[in-house]
Amino acid sequence: MDDNSIIELFRKRDETAIAELQRKYHKLCFYIAGNILSHLQDIEECVNSAYYEVWSNIPPDSPTDLKTYLCHTVKHKALDKLKYNSAEKRSNKFAVSLDELSECIPDYREDMGEEKALAEAISRFLRTQDELQRKVFVRRYWYGDSLAQISEYFDIKERTAATYLFRTRKKLKAYLKKEGYDYE
Amino acid sequence: MNKLKFFKVIDLIDDDLIKEAEIKQKHMSSADSKNEKNITVSGVELYHESKWQKYALIAAVFLLVAGLGAGGALMFRNRPPMLDDPALPSDISETNETSPFEKKTDSESATETKKKETTTKESTNKDTAVTIAVNEENKSAVTTDSEPVNAETNMISQSNSKTVTTQADKGGVEEFVSRAQQFPVVTSPDGSQQPIATKPKDYTFTEPSEPVDVIIVTKPTEPVTSPAQPEKNISDEPITFYCYTCPEMFEIVRSLSYMPYTCDGLPDTSITDSDGTVYQLNFRERWVWRNGKEEAHMPDRLYQLFCGDC
C-alpha cells in the first residue's frame with residue numbers, strides 16, 4: 001500500500017492505517033530508535049508512541065512525505081526517552097556523535113527560536129557540500145549510524161568516513177562563524 | 001550545556017536532505033540484523049551454540065580414556081615379575097642315620113620332593129635361606145612327573161653311597177671337591193635325602209625377606225663364586241664355595257661361641273638347622289651369624305668344608 005493510501009486511512013480514522021504503517025515502516029522506525037536508545041523495551045515503547053502520535057496528528061496534519069514524517073516522529077520520541085533516561089544509560093556510540101557535534105554547533109537559546117534558524121543554516125551548508133560527504137554527515141548525525149555502518153552503506157573505509165566527517169565539521173564551524181554565530 | 005540540544009538542531013534540517021541519505025532496503029535489512037544484534041536485552045543470558053566445541057570435547061575425552069587404558073595395559077604387561085620361587089625346605093637338618101649318597105629310586109625321590117615342598121609351604125615364619133647354584137651342563141637323569149624343578153634332580157649313585165659315609169670325611173680337598181661336585185644333597189628332618197639347588201654362575205646371594213620354600217635342584221659342576229667385597233687385609237678375589245650341607249657343618253656351627261653381632265656385611269650362604277636356627281656364613285671375612293643376631297668366627301674346618309683349601 002502506498003503512502004497516500006495510508007494517509008487516507010488515517011483521515012478516515014480506519015484502525016488498519018496503523019497496521020499498514022507498521023507493516024511498511026516498522027523496521028525503519030526500529031532502526032532509527034535503536035540508534036538512539038539501547039534497551040529493547042525503550043525502543044518498542046518509542047516506536048509505539050510514534051505510531052500513536054501519527055494517529056493523533058493525522059489529521060489535521062497532512063504530510064507530503066509520510067516516511068520522513070514518521071522518521072521525525074520516531075526520532076523525537078527517542079530523544080525524549082533518552083532525555084528521560086539517565087546519562088549513564090546512553091549508548092556509547094551515540095555519546096560520541098554528540099561530542100563531535102558540540103565542537104561545531106554553537107550553543108543557542110531554545111525559547112528564542114534560534115534552533116530553527118541554526119538548523120536552516122546547517123541545511124544551507126550541507127547543500128554546498130559534496131553529495132557523498134553530505135550523506136555521510138546526515139547518516140551519522142541524523143540517523144545515528146556508526147562508522148562501520150556508514151562505511152558499509154557507501155562502500156568506503158571507516159577511516160575515510162571519519163575523515164569526511166571531520167572535514168565537514170570543520171567547514172561547518174567555519175561557515176557558522178561566518179554566519180555570525182559565536183562560539184564560547 | 002545539554003548536548004541533546006545539538007540533536008534537536010540536527011533533527012530540524014530539511015527533509016530532502018534526510019530523504020537523500022536514505023539507504024536502500026537491502027542495506028537496511030543487513031543493518032537491521034546488525035542493529036537487532038546490538039540491541040541489548042537485560043536479564044537474559046545469550047546462548048551461543050557452538051557445535052564444534054562439543055565435538056572437540058567428546059574427542060578429547062575419548063582420547064584421554066584411550067590413553068589411560070593403553071598406558072595401564074602397558075604398565076600391567078611390563079610389571080616386574082612377582083616373587084614366585086618354588087618352596088624351599090625350611091627345616092633342613094642332618095640326621096646321622098642315613099647317608100646322603102644312598103641310592104634312591106625315581107619314585108621315592110619324586111615323592112620326597114613333593115612331600116618336602118608341601119612341608120615347607122606350610123611353615124611360613126621360619127627364616128630359611130639357601131643359596132642356589134644352577135649347573136646347566138649336567139642335568140639330572142631322574143625325571144619325575146612332578147614339577148619341572150624336580151626334573152633336574154640328581155641321581156645318587158649307589159656306588160658312591162657305599163664309599164661315602166654320612167659324616168663328612170675329614171680328609172683332603174680332593175675328596176671334598178669330588179663329592180660336592182657330584183651329589184650335593186641335604187638331609188631332611190625325616191631322614192630323606194633331598195637334593196638342593198645349585199647356584200647359577202652369576203648369582204649374587206641376597207638375604208631373602210620372606211622364607212624361601214622352593215628348592216631348585218641341579219647338579220653342580222662349578223663352584224659358587226661370591227662377589228668380591230672390599231675389606232681391609234682381604235684380597236678382592238672372589239671366594240669359591242660349594243653349596244651343600246652335611247652333619248659336620250651343623251655340629252661345628254652349634255658348637256661355636258656366639259656374641260652379639262657387630263660386623264656389617266652380606267652373608268654368602270646360609271644353612272638351617274633342624275630346630276629352625278639359621279646360620280649365615282661369610283667366607284671372605286669368616287664369620288657366622290646365628291639367626292641374624294649373634295656372630296662367631298668361622299673355624300677353618302667349617303671354611304674347608306665349604307671352600308676346600310683354606
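Residue numbers start from 1 in every chain, and the chains themselves are labelled A, B, ... in the order their sequence lines are given, proteins ahead of strands. In this text the structure is predicted, and so the values were computed from the model without any measurement.
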Considering only heavy atoms and a distance below 4.5 Å, find which of A:K67, A:H72, A:E131 pairs most often with chain B.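 That would be A:H72.
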At a heavy-atom separation under 4.5 Å, does A:Y69 approach chain B through its side chain, its backbone, both, or neither?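 It is neither, since no heavy atom gets under 4.5 Å.
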Are A:R140 and A:D145 close enough for a salt bridge, meaning some N to O gap below 4.0 Å?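 The answer is no: the pair does not qualify as a salt bridge.
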Determine, for A:K77 against A:E45, whether the closest basic-nitrogen to carboxylate-oxygen distance falls under 4.0 angstrom.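 Here A:K77 does not pair with A:E45 in a salt bridge, since their nearest N and O are not under 4.0 Å apart.
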Restricting to side-chain hydrogen bond (donor to acceptor under 3.5 Å, both in side chains), what partner residues turn up for A:D130, sequence neighbours left out?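 With sequence neighbours excluded, A:D130 shows a side-chain hydrogen bond (donor to acceptor under 3.5 Å, both in side chains) to no residue whatsoever.
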Between chain A and each of B:L17, B:I13, B:I18, count heavy-atom pairs under 4.5 Å; write down the option with the most.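 If we count pairs closer than 4.5 Å to chain A, B:I18 comes out on top.
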Below 3.5 Å, can you tabulate the donor-acceptor pairs from side chains in residues 67-79 of chain B to any protein atom, sequence neighbours excluded?
unit_1, atom_1, unit_2, atom_2, d
B:N78, ND2, B:L74, O, 3.3
B:R79, NH1, B:F76, O, 3.0

